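Presented below is the structure to which this report refers.
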Amino acid sequence: MFVAKALDAISKESGRIAITAIVCNMLRTVMETTPEDLVAVVYLLANRIAPAHEGLELGIGDASIIKALYEACGTKEAQIKKQYKESGKDSQEKKKNHIKALLVAATDCEPQYLIRLLQAKLRIGLAEQTLLAALGHAAVYADKQSSTPANIDSSLEEAAKIVKQVYSVIPVYDKIISALLADGVWDLPKTCSFSPGVPVGPMLAKPTKGVSEILDKFQDIEFTCEYKYDGERAQIHYMEDGTVEIYSRNAERNTGKYPDVVDAISRFKRPSVTSFVLDCEIVAFDREKKKILPFQVLSTRARKNVVLSEIKVGVCIYAFDILYINGQPLLQAQLDSRRQHLYESFEEEPGFFQFATAVTSNDLEEIQKFLEAAVDASCEGLIIKTLKKDATYEPSKRSNNWLKLKKDYMDSTGDSLDLVPIAAFHGRGKRTGVYGAFLLACYDVNNEEFQSICKIGTGFSEAVLEERSASLRSKVIPKPKSYYRYSDTINPDVWFEPIEVWEVKAADLTISPVHRAATGIVDSDKGISLRFPRLLRVREDKNPEDASSADMVADIYRAQKHNQSNRDDDEQ
DNA sequence: GCTGACTGCCC
DNA sequence: ATTCTGC
DNA sequence: GCAGAATGGGCAGTCAGC
């Protein structure tokens, strides 16, 4: 099959330029021969079946693929599973071969079905941004009049930029492609542009290690600081006809999850406002105690067809930006002007709708204090934003105009623990042949046992991952030790002797349904786990018995803002 | 009707 | 989410 | 610095099997 061959060619290339060229050529061919197929081909390459906000999903994951392969080829399931996980590369190949073989043998609708299986992850170095660039390039070639060979390269670059920009504002391939085929790239920003009701890619922030780095990056620029709330990013669209849509960070339609938010709009919107697009964070909120609740509480909310009267977790909207007001897009406006619109157009209602707490200062100590205050108010940290210059809203971009500062990014602060790898999982893709993730444990001194606390799979350079895999491979044991505490549902590929100690950083500690650290100390039968665990370094100087103890884990958990039962234990 | 595995989507 | 890496 | 690809905890929703 034509597409399959192209994918194969792409997977053999590593350079983005080469990949873009292959995709571009494929798209050109389709445009010239069967333009009506272009949308389908693009969706195929994008690994999607519909725009995110339309909420279609496949419901096919690894487990189903393994089973399907089993049923289709009659190989033993266990064997495939083994190949698939154990020797990733081999199994990747085999899997591909299986699918290839099936494609060859397939009839009628089968190929389509099998290709869908592939959709889980393409992992061939082609993703959205490259596809968009290729689409732009292909459109230049299709536009015979304008492209003079002399400046073809800059034309290609410009076209890629246009397509990416347009996609960030209206992420609907169907619309972009039909506009592209009808009127070409150069007019695309006019023929296909932002429209209320369609989610805009939310602007993202770059991680930053400390206040001094911020002052460094924003040397002569005016900037402002805001609390970074720990909830769910939301983009609220309010249309002229009164319709409301709420979109997630990844452009999923969340309207049905937040009827309470929809209901509150008429109260916090000023009467003069006839339409808007609001950028905000939805945060779980205890209105009786007037307290922000942890993300984990927010995530227990029902997600589909929620009925207003049955809501158990109240929610407060923290608004921080506005992209559209009364028919006028504000994406090109500077933040100070967008903020002015924001403050003028809405009214705060404590516990329901508030503006993100903000301070404008360039004093290191003041910002440091503001960060402390943010953490004290149950926030993750700060977002620091340019205010008047280079301060437009840049959809989908992790722009330098927004920086995020969290306590756990800073070298000197944040929770770091010393933990013992007791098991591992075979890596896939570029981790083939080494372990892809490890199961970590703390040490319970009292019971002399190692209790699982989290898995870890990030923070390793390739070299370190190679070293640790080699080192631990010689410590594999056939069965877990009797003094390992873990859940049966974990199912690692290999178990280890307790030998090494790794220093691990985390953003938070959470009560876990699966991990066993400190079980019986803060909760009678649930353990503690880590949020966003990553490897800092290997502690060559420590023995497993010197790892963080269950008691220490419990202490760190209790020290977290959210978990303090009352305020009496705070220092004066 | 309940349970557990799987999936998708939040972070 | 966080992190690393090829280009 | 971008883009992509490794990987984390944990929730509700879904569905097969008991």
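All of these numbers come straight from a predicted model, not from anything done at the bench. Within every chain, numbering begins at 1; the chains are lettered A, B, ... in the order of the sequence lines, protein sequences first and strands thereafter.
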### Task
Record whether the side chain of A:R303 comes under 3.5 Å of the base of D:dC11 through a donor-acceptor pair of N or O atoms.
yes
In this structure, CD1 of A:I22 is separated from NZ of A:K12 (nearest 0.5 Å) by 10.0 Å
Partner of A:N254 under side-chain hydrogen bond (donor to acceptor under 3.5 Å, both in side chains), picked from A:E232, A:E245, A:R233, A:R303, is A:E232
From NZ of A:K206 across to P of D:dA3 the rounded distance in Å is 11 Å
Closer than 4.0 Å, any side-chain N/O of A:N254 to the OP1 or OP2 of B:dC10?
yes
With under 30° as parallel and over 60° as perpendicular, where do the rings of A:Y227 and A:Y229 fit, or are they tilted in between?
-> tilted
Expected list for residues 125-138 of chain A near DNA chain D, using heavy atoms below 4.0 Å, is A:G125, A:L126, A:A127, A:E128, A:Q129, A:T130
Q.
What contact category does A:L530 fall into here, base, sugar-phosphate, or nothing, at under 4.0 angstrom with non-hydrogen atoms?
A. sugar-phosphate
**Item:** A:S299 side-chain N/O to B:dC10 phosphate OP1/OP2 under 4.0 Å
**Value:** no
Could you check whether any side-chain heavy atom of A:R123 comes within less than 4.5 Å of a side-chain heavy atom of A:R428, counting everything from C-beta outward? yes
_Is the phosphate of D:dA3 approached by A:K164 (side-chain N or O, under 4.0 Å from OP1 or OP2)?_
yes
A:L465 CG to C:dT2 C1', in whole Å, measures 15 Å
In whole angstroms, the gap separating P of B:dC10 from CZ of A:R253 amounts to 13 Å
task: Answer yes if the ring centres of A:F496 and A:F450 are under 6.0 angstrom apart, and no otherwise.
output: no
Applying side-chain contact (heavy atoms from CB on, under 4.5 Å) to A:K161 and not counting sequence neighbours gives A:E158
Give one of base, sugar-phosphate or nothing for A:K404, where a contact means two heavy atoms less than 4.0 Å apart. sugar-phosphate
Taken to the nearest whole Å, CZ/A:R301 to C1'/B:dC10 is 13 Å
**Q.** A:R534 side chain vs A:T458 backbone, donor-acceptor pair below 3.5 Å
**A.** no
The nucleotide from D:dC2, D:dA12, B:dT7 with an atom nearest the side chain of A:S64 is B:dT7
Quick check on the 6.0 Å ring-centre criterion: do A:Y173 and A:Y43 meet it? yes
* For A:E503 and A:L536, indicate whether the former's side chain and the latter's backbone hold a donor-acceptor pair under 3.5 Å. => no
Assign each of A:N400 and A:V306 the nucleotide of DNA chain D bearing its closest heavy atom; nearer the 5' end lies the nucleotide of A:N400
Of the listed B:dG8, B:dC11, D:dG10, the closest approach to the A:S512 side chain comes from D:dG10
Looking at A:F285, does the NZ or CZ of A:K291 lie under 6.0 angstrom from its six-membered ring centre and within 45 degrees of the ring axis? no
Practice item. With heavy atoms under 4.0 Å as the rule, sort A:K397 into base, sugar-phosphate or nothing. Key: nothing
When rounded to whole Å, the CD to C1' distance for the pair A:E232 and D:dG10 reads 13 Å
Of D:dG9, D:dT7, B:dC11, the nucleotide closest to the side chain of A:D230 is B:dC11
Between the protein and nucleotides 3-7 of chain C, which nitrogen or oxygen pairs are less than 3.5 angstrom apart?
unit_1	atom_1	unit_2	atom_2	d
C:dT3	OP1	A:R534	NE	2.8
C:dT3	O4'	A:T458	OG1	3.1
C:dC4	OP1	A:G459	O	3.4
C:dT5	OP1	A:E462	N	2.9
C:dG6	N2	A:R16	NH1	3.2
C:dC7	OP1	A:S14	OG	2.7

Between CG of A:D62 and C1' of B:dG8 the distance, given in whole Å, is 13 Å
Nucleotide N/O of nucleotides 16-18 of chain D paired with protein N/O under 3.5 Å:
none

Contact under 4.0 Å: A:T510 side-chain N or O vs D:dG10 OP1/OP2: yes
Residues passing the side-chain contact (heavy atoms from CB on, under 4.5 Å) test with A:L215, sequence neighbours excluded, are A:V211, A:F223, A:L364, A:I367
Can you tell me if A:T386 uses its side chain to pair, donor with acceptor, with the backbone of A:D390 under 3.5 Å? yes
Whole-Å distance, A:L7 CG to D:dG4 C1', equals 16 Å
Closest of C:dT2, B:dC6, B:dG8 to the A:E57 side chain is B:dG8
Short side-chain N/O contact from A:K257 to OP1 or OP2 of D:dA12, under 4.0 Å: no
List, one per line, each side-chain donor-acceptor pair under 3.5 Å for residues 515-523 of chain A, sequence neighbours excluded.
unit_1	atom_1	unit_2	atom_2	d
A:H515	ND1	A:S452	OG	2.9
A:R516	NH1	A:Y486	O	3.3
A:T519	OG1	A:R516	O	2.5
A:D523	OD1	A:D525	N	3.0
A:D523	OD1	A:K526	N	3.0

From CD1 of A:I282 across to P of B:dC10 the rounded distance in Å is 11 Å
